[in-house]
Participant: 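Structure in structure tokens, see below.
Since the model is a prediction, treat every value here as computed from it, not as a measurement.
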Amino acid sequence: MRRQRHGKIIATLGPASSDRATIAALFEAGADVFRLNFSHGSHTDHQARYDQIRAVEREVGRPIAVLLDLQGPKLRVGRFAAGPVTLAEGARFRLDLDPTPGDATRAPLPHPEIFAALQTGHDLLLDDGKLRLRVLACGADFAETEVIAGGALSERKGVNVPSVLLPISALTAKDRADLAFGLELGVDWVALSFVQRPEDVQELRTLVQGRAAILSKLEKPAAIDGLDAIVALSDAVMVARGDLGVEMPAEQVPPIQKRIVRSCRQAGKPVVVATQMLESMVSAPVPTRAEASDVATAVYDGADAVMLSAESASGRYPREAVAVMDAIIRAAEADPHCRTVVEASGFAPQPTMGDAICAALQQSAELLGAAAIVTFTRSGFTSLRAARERPHASIVSVTPDLATARRLALAWGVHSVHVPHDVDDVPGMVQAACTLARAEGFAQPGDTIVIAAGMPFGKAGTTNLLHIAQA
């Protein structure tokens, strides 16, 4: 089965999409990667979903990627003695470490790290930004604030501290337990939430030890300050527009999204655009026109993948949401202007042997009208560098490593194929490339294909061979 598009789709699984039939339907509709959101559900729930994904993978004979999304540090106010309270604009409101249930004048905030970072004049956002408090005075265990934007506040609502680098790890005790469980399952990608600094990514990499690829979710303004360093340490990046849109003015999110996509494109790292992409399809069978344009914009920008959250996890129309997203991507990619925009937003190759080969690979494929590009890879490096060039032809990525085959399901334009073993020599490579290009539906006998590989075969990071053949 081949997709008729280059961009990829991530679908979140949840109560509306946990059974085998629905997961299979989501894959058939176009999902390439399934996200397990560990902010919700038990380990037993996620184990069952993972097992069903792998059962579907065996049925369809295609590598499917599984993404474990860690919850990250959730900062929340404590409890109230008599239920929700109403904060009036201009009123004073105290936050402190006292665990006594709160009222309309104060509330417990059991996060000393917030008080350690606060200064007079800082703003606190509550309940996804619906309420805004400004710090008038603060200390190691309290903050006296003025209500700038008021409203109803109930217990356990989230707290955001915009433009403040909080002295906390991106990994909580829960995250560490979830990570160990997910790695034991065999997930392909681990998404790190609330990344603030490059050291957060390095901390996770030390724990993962190569057992999965790392996707950094950028949802804190502090992360943008260290964007290039975070991209360099990550295997992929997500533009997580939910919390990012809470912590900065809405009008700043679109240029930040484009900046993140450009940085990832330049580095050759997959980039995902996520959050509220087809939000109305949680309860409606069709999206708004603005949502369709939002998905298409990510395609025009050259994003590797777009993601569905509640639409596929808990919405009424999970399969329809995937099918609509698939149709939007295909329509955008079919627009000749899209090709012009993607090519114009490309970056010069790096002065390395691998990039020299992959740049020539793309140019040769365009010049000769190649039906397919075939890459032989063990680590995924060759396929990812080929994808960085955004060729018109699809990339048939051939690898004997199943973990690599699954991880590459996230990458733009890559049709991942798992084979039993490495090729042994150039004639065997050419024969295998031609056979697979035909078998996977990308080429007809006599079509031109362009092949990239590394010699000696089977050694990672040695892209040094370009070959042109007739299928």
Participant: Restricting to non-hydrogen atoms, name the atom on Ile449 and the atom on Ala471 that form the minimum distance, rounded to 0.1 Å.
Facilitator: CG2-CB, 4.3 Å
Participant: Where do Arg388 and Asp355 land on the side chain to side chain contact (heavy atoms under 4.5 Å, CB included) test, with the steps shown first?
Facilitator: CA-CA 9 Å; Arg388 178 184 183 270; Asp355 271 21; 4.0 Å; yes
Participant: Taking C-beta and beyond as the side chain, do Val374 and Val398 meet within less than 4.5 Å on heavy atoms?
Facilitator: yes
Participant: Can you find a pair of side-chain heavy atoms, one from Val286 and one from Glu320, that are under 4.5 Å apart?
Facilitator: no
Participant: Examine distances only and state if a side-chain atom of Asp200 and a backbone atom of Gln196 form a donor-acceptor pair shorter than 3.5 Å.
Facilitator: yes
Participant: So, Thr206 side chain and Gln202 main chain: donor-acceptor pair closer than 3.5 Å or not?
Facilitator: yes
Participant: Closest approach of Ile214 and Val201, non-hydrogen atoms and distance?
Facilitator: CG2-CG1, 4.1 Å
Participant: Heavy-atom count check: over 12 atoms from other residues, nucleotides or ligands less than 6.0 Å from Gln431 CD?
Facilitator: no
Participant: According to salt bridge (Lys or Arg N to Asp or Glu O under 4.0 Å), does anything in residues 390-419 pair up with another residue at least two apart or in another chain? List the pairs.
Facilitator: Glu57-Arg406, Asp304-Arg390
Participant: Does the side chain of Ser345 reach to within under 4.5 Å of the side chain of Arg262, using non-hydrogen atoms?
Facilitator: no
Participant: Can you find a heavy atom in the side chain of Gln470 that is under 4.5 Å from one in the side chain of Cys434?
Facilitator: no
Participant: Look at the side chain of Thr399 and the backbone N and O of Thr377, then say whether any donor-acceptor pair between them is shorter than 3.5 Å.
Facilitator: yes
Participant: Can you tell me how far apart OG1 (Thr12) and CE (Met307) are? Round to the nearest 0.5 Å.
Facilitator: 4.5 Å
Participant: For the residue pair Thr375 / Ser383, report whether a side-chain donor-acceptor contact shorter than 3.5 Å exists.
Facilitator: yes
Participant: Applying salt bridge (charged side-chain N to carboxylate O under 4.0 Å, His left out), name anything that partners Glu343, two or more places apart in sequence or on another chain.
Facilitator: Arg339
Participant: Which atom names give the shortest non-hydrogen contact between Pro391 and Ala386, and what distance separates them?
Facilitator: CD-O, 3.4 Å
Participant: Please name all residues satisfying salt bridge (charged side-chain N to carboxylate O under 4.0 Å, His left out) with Glu203, sequence neighbours left out, ordered by chain then number.
Facilitator: Arg176
Participant: CG/Leu204 to CG/Asp175 distance, rounded to the nearest 0.5 angstrom?
Facilitator: 9.5 Å
Participant: Could you check Lys217, Lys220, Lys74, Gln71 and say which one makes a side-chain hydrogen bond (donor to acceptor under 3.5 Å, both in side chains) with Ser193?
Facilitator: Lys217
Participant: Under the 3.5 angstrom rule, does the side chain of Glu219 hit a backbone N or O of Gly242 as a donor-acceptor pair?
Facilitator: no
Participant: Do Ile373 and Val396 come close enough that some side-chain heavy atom pair is under 4.5 Å?
Facilitator: no
Participant: Is there a side-chain contact between Ile224 and Ile256, using heavy atoms and a 4.5 Å cut-off?
Facilitator: yes
Participant: Report yes or no: does Asp45 contribute a side-chain atom to a donor-acceptor pair with the main-chain N or O of Ser42 at less than 3.5 Å?
Facilitator: yes
Participant: Applying side chain to side chain donor-acceptor pair (under 3.5 Å), which residue pairs with at least one partner in residues 230-246 are found, sequence neighbours left out?
Facilitator: Asn160-Asp243, Arg205-Asp235, Ser216-Ser234, Arg241-Gln257, Arg241-Asp294
Participant: CZ of Phe34 to CG of Leu308: how many Å apart, nearest 0.5 Å?
Facilitator: 10.5 Å
Participant: Look at the side chain of Asp335 and the backbone N and O of Ala332, then say whether any donor-acceptor pair between them is shorter than 3.5 Å.
Facilitator: no
Participant: Does anything in residues 213-242 form a ring pair (Phe, Tyr, Trp, His ring centres under 6.0 Å)? List the pairs, not counting sequence neighbours.
Facilitator: none
Participant: Closer than 4.0 angstrom, basic N to acidic O: yes or no for Glu184 and Arg211?
Facilitator: no
Participant: Does any pair with a residue in residues 28-41 pass salt bridge (Lys or Arg N to Asp or Glu O under 4.0 Å), and if so which ones, sequence neighbours excluded?
Facilitator: Arg3-Asp32, Arg5-Asp32, Arg35-Asp69
Participant: Which distance, rounded to the nearest 0.5 Å, do you find between the CD1 of Ile329 and the CD of Gln4?
Facilitator: 13.0 Å
Participant: Indicate the atoms forming the closest heavy-atom contact of Gly413 with Lys8, along with that distance.
Facilitator: N-CE, 4.3 Å
Participant: Could you tell me which non-hydrogen atom of Ala321 sits nearest to which non-hydrogen atom of Leu278, and how far apart they are?
Facilitator: O-CD1, 3.6 Å
Participant: A quick test of your reading: do over 12 heavy atoms of other residues, nucleotides or ligands sit less than 6.0 Å from CD of Gln444?
Facilitator: no
Participant: Does any N or O in the side chain of Asp188 come within less than 3.5 Å of the main-chain N or O of Val66, such that one atom is a donor and the other an acceptor?
Facilitator: yes
Participant: Pick one: which of Met277, Glu279, Met281, Met325 meets side chain to side chain contact (heavy atoms under 4.5 Å, CB included) with Pro287?
Facilitator: Met281
Participant: Any salt bridge between Arg54 and Asp51, counting N to O under 4.0 Å?
Facilitator: no
Participant: Side-chain contact test, heavy atoms from C-beta onward, threshold under 4.5 Å: evaluate it for Leu410 versus Val272 and give yes or no.
Facilitator: yes
Participant: Under the ring pair (Phe, Tyr, Trp, His ring centres under 6.0 Å) rule, what pairs show up with a residue in residues 281-339, not counting sequence neighbours?
Facilitator: none
Participant: In this structure, are over 12 heavy atoms from other groups packed under 6.0 Å from Lys174 atom NZ?
Facilitator: yes
Participant: Classify the side-chain pair Arg316/Ser283 by whether it contains a donor and acceptor separated by less than 3.5 Å.
Facilitator: no
Participant: Side chain to side chain contact (heavy atoms under 4.5 Å, CB included) with Lys130: which residues, sequence neighbours excluded?
Facilitator: Asp127, Asp128
Participant: Which residue pairs pass the ring pair (Phe, Tyr, Trp, His ring centres under 6.0 Å) test when at least one of the two sits in residues 160-202, sequence neighbours left out?
Facilitator: His43-Phe181
Participant: Distance from Gln363 atom CD to Leu367 atom CG, nearest 0.5 Å?
Facilitator: 9.0 Å
Participant: To the nearest 0.5 angstrom, please state how far the CE atom of Met429 sits from the CG atom of Asp422.
Facilitator: 12.5 Å
Participant: Using modelled atom types only, decide if a donor and an acceptor are shared between the side chain of Tyr50 and the backbone of Gly182 within a distance under 3.5 Å.
Facilitator: no
Participant: Applying the side chain to side chain contact (heavy atoms under 4.5 Å, CB included) test to Leu179, which of Leu192, Val187, Leu207 qualifies?
Facilitator: Leu207
Participant: Would you indicate whether the side-chain heavy atoms of Leu13 and Leu26 approach each other to under 4.5 Å?
Facilitator: yes
Participant: Holding to salt bridge (charged side-chain N to carboxylate O under 4.0 Å, His left out), I want the full list of residues that pass it with Arg62, two or more places apart in sequence or in another chain.
Facilitator: none
Participant: Test your reading of the model: is there a side-chain donor-acceptor pair from Thr22 to the backbone of Ser18, 3.5 Å cut-off?
Facilitator: no
Participant: Could you list the residues that satisfy salt bridge (charged side-chain N to carboxylate O under 4.0 Å, His left out) with Lys269, not counting sequence neighbours?
Facilitator: none
Participant: Under the ring pair (Phe, Tyr, Trp, His ring centres under 6.0 Å) definition, can you give me all pairs with a residue in residues 385-427, not counting sequence neighbours?
Facilitator: His6-Trp412, His415-Phe442
Participant: Locate the shortest heavy-atom distance separating Ser169 from Pro73; write the atom from each residue and the value.
Facilitator: O-CG, 3.7 Å
Participant: Looking at Ser312, is its backbone amide N or carbonyl O close enough to the side chain of Ser17 to form a donor-acceptor pair, meaning the two atoms are under 3.5 Å apart?
Facilitator: yes
